[in-house]
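A, B, ... follow the sequence lines: proteins, then strands. Residue 1 opens every chain.
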Amino acid sequence: MSPSDNKHTTGTARVKRGLAEMLRGGVIMDVVNPEQAKIAEDAGACAVMALERVPSDIRRDGGVARMSDPQMIVEIQASVTIPVMAKCRIGHFAEAQVLQAIGVDYIDESEVLTPADEAHHIDKWDFTVPFVCGATNLGEALRRISEGACLIRSKGEAGTGNIVEAVRHLRSIFGDIRKLTMADSAELFGWAKELRAPLELVQEVASRGELPVPLFCAGGIATPADASLVMQLGAQSVFVGSGIFKSDDPAVRAKAIVEATTHYLDAGIVLKVSTGLGEAMRGIEIDKLDTRLADRGW
Amino acid sequence: MVKVGVLALQGAFREHAEVFDALGAETCLVKRPDQLAGIDAIALPGGESTTQTKLLATSGLKDPLIQAMRDGLGCFATCAGMILLAAELHDARADQQPLALLDISVQRNGYGRQVLSFEAEIDIDGMPEGFTGIFIRAPRVTRVGNSVEVLASLGSDPVLVRCGNIWAAGFHPELSNDLRLHQLFLNQLATTEGV
């Protein structure tokens, strides 16, 4: 850093939430090695999520899923110029401290990994690095924001290639936001109790008509039309996990999902990029699952 | 009334549209070449410059945008937008070709990763009081051509530059809840275009 008289203040809410604003209208892709990270960047991903196994493999392998090997994250950081995110276990603030020390650009306190704490999420205000957290409903989203999350994503059901859960979560969050904007001031106290969320945040959402941080979609996106669907429902960006690198032709599919996310209202473009993509990842029906990842988190 | 288009391929385009709206300009989002018609200026928002560069090409916007700016379209660029306009990039992918519409050299992420992103008070020419600059994985200007005027600096680094009616900031005035810089741009546009 060059010598400067100006005082630099790092880790402010505006700086942390600001990066989430910069990721809007984009696609964040799960990658497990530098080669995949390059493919994602080539396709126009606005960020990558570095992890050892994509969710569908975590599902298949079982066992305890933990933070990735720092060496792998560092190699991915060295291979791309876009932001690199990484996951820690719910409540595992020591893993988060390690990820901050590596210098990842965002931490995902993620239900895809095995939770480390069955009652508490991380106090995210304590960190300079911003956090994204999953949510299945508005109360969960507001609890995560009250703990300092700067970005919320729908949980969906990771590793299934099945969009139904993400749609359920987005509809639940946006539906309740719409109801909040119609509530009178007395009713907001009841809403805060029902949502188990701080009153101040409930009041803020009621007056703004949206969350105080961006809301992205994750969990089950496998096709360009899936991306268009969730963007039209109100998501501001999409996370794609297993959907790209478990498909026939990841490079082409990645690029198609990027274009569909930008031009989500233009069915002509979604049609064009959807054509001739080859096989999507093989999906799983939700009621055939042994473990529902979305149930993790409190 | 001035009409401002906001490039809406990826990034924080909504905030720019809201600020220009609040200042009484007519705004529209630009995702396709035909949406460039009838605008007096274009805002190039923050976001990921590699992503935006690719989408400029696939959407068919790149050449029409370059032509429109050569023909005098005003431009207000922030962060990734500044990278798009630059003549020369350091630390970027070899295939990331900037539009070369502003004679500056820029180092991507010139202040480091997100944990080093920061806020700092800066002084802007033509603005009586200070302005809070929000720098997020910000580009660093390493060279400024003779035709380019520096309107604000951070230490020795230019952070707000202008050439005619093309403005570029390394920080994010659209996130500051402070309309003054957008207003300054609109004022200058009005003087040069008589609108």
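Of the inter-residue distances, the one linking B:Arg93 atom CZ with A:Lys38 atom NZ reads 5.0 Å to the nearest 0.5 angstrom. Between B:Lys54 atom NZ and A:Glu259 atom CD the span is 11.0 Å, to the nearest 0.5 Å. With values rounded to the nearest 0.5 angstrom, A:Leu265 atom CG is found 10.0 Å from B:Leu29 atom CG.
One N or O on the side chain of B:Lys31 and one on the backbone of A:Thr262 form a donor-acceptor pair closer than 3.5 Å. No donor-acceptor distance shorter than 3.5 angstrom exists from the side chain of B:Glu119 to the backbone of A:His8, with no hydrogens or angles considered. Side-chain atoms of A:Thr10 never come within 3.5 Å of backbone atoms of B:Phe118 as a donor-acceptor pair (strictly under, hydrogens ignored).
Interface remark: A:Gln236 contributes side-chain atoms only to the contact with chain B (heavy atom separation under 4.5 Å). For A:Ala20, no part sits under 4.5 Å from any heavy atom of chain B, backbone or side chain. Interface residue B:Thr50: only side-chain heavy atoms are found under 4.5 Å from chain A. Of the two parts of B:Thr132, only the side chain, counted from C-beta on, holds a non-hydrogen atom closer than 4.5 Å to a non-hydrogen atom of chain A. When heavy atoms are compared at a cutoff of 4.5 Å, B:Ile134 approaches chain A solely by way of its side chain, counted from C-beta outward. With a 4.5 angstrom heavy-atom cutoff, B:Arg113 touches chain A via backbone and side-chain atoms both. Looking at B:Glu174, the atoms closer than 4.5 Å to chain A (heavy atoms on both sides) all sit in the side chain, from C-beta outward. For a residue to count as touching a neighbouring chain, one of its non-hydrogen atoms must lie under 4.5 Å from one of that chain's; by this rule A:Pro214 does not touch chain B. Using a 4.5 Å cut-off between heavy atoms, B:Leu9 contacts chain A through both its backbone and its side chain. Looking at A:Val27, there are no atoms closer than 4.5 Å to chain B (heavy atoms on both sides), in backbone or side chain. Neither the backbone nor the side chain of A:Ala47 comes within less than 4.5 Å of any heavy atom in chain B.
Comparing B:Thr58, B:Asp95, B:Asn109 by how many heavy-atom pairs each has under 4.5 Å with chain A, the most go to B:Thr58. Ranking A:Gly25, A:Gly44, A:Ala45 against chain B, the residue ahead of the rest is A:Gly44, based on heavy-atom pairs under 4.5 Å. When each of A:Leu23, A:Asp42, A:Val129, A:Ile82 is scored by its heavy-atom pairs under 4.5 Å with chain B, the top score falls to A:Asp42. Of all the listed residues (A:Thr128, A:Thr81, A:Val258), the one sharing the greatest number of non-hydrogen pairs under 4.5 Å with chain B is A:Thr81.
In the displayed structure, B:Asn177 atom CG is contacted under 6.0 Å by at most 12 heavy atoms of other residues, nucleotides or ligands. Residue A:Phe93 places its CZ atom among 12 or fewer non-hydrogen atoms of other residues, nucleotides or ligands, all under 6.0 Å distant. For B:Glu129, the CD atom counts as loosely surrounded, since its 6.0 Å shell holds 12 or fewer non-hydrogen atoms of other residues, nucleotides or ligands.
In summary, A:Arg14 and B:Glu15 do not engage in a salt bridge, as defined by a charged side-chain N under 4.0 Å from a carboxylate O.
Listed by first and then second residue, the salt bridge (charged side-chain N to carboxylate O under 4.0 Å, His left out) pairs involving residues 70-79 of chain A amount to none (not counting sequence neighbours).
Contact check for B:Arg137 versus A:Pro83: side-chain heavy atoms found under the 4.5 Å cut-off. Side-chain contact between A:Glu21 and B:Ile136: absent, with no pair of heavy atoms (C-beta onward) separated by less than 4.5 Å. Residues B:His172 and A:Met22 meet the side-chain proximity criterion, which asks for heavy atoms closer than 4.5 Å.
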Exercise for the section: Determine, step by step, whether A:Val15 and B:Gln114 satisfy the side chain to side chain contact (heavy atoms under 4.5 Å, CB included) criterion, reporting the C-alpha distance in whole Å, the side-chain angles of both residues, the deciding distance to 0.1 Å, and the verdict. Expected result: CA-CA 9 Å; A:Val15 161; B:Gln114 173 61 17; 3.7 Å; yes

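Residue A:Arg24 comes nearest to B:Gln10 through the heavy atom pair O-NE2, 3.0 Å, listed as atom of the first residue, atom of the second, then distance. In plain terms, the two heavy atoms of A:Gly103 and B:Val115 that are nearest each other are CA-CG2, 4.4 Å. Considering all non-hydrogen atoms of both residues, B:Glu48 and A:Cys46 come closest at CG-O, 3.1 Å.
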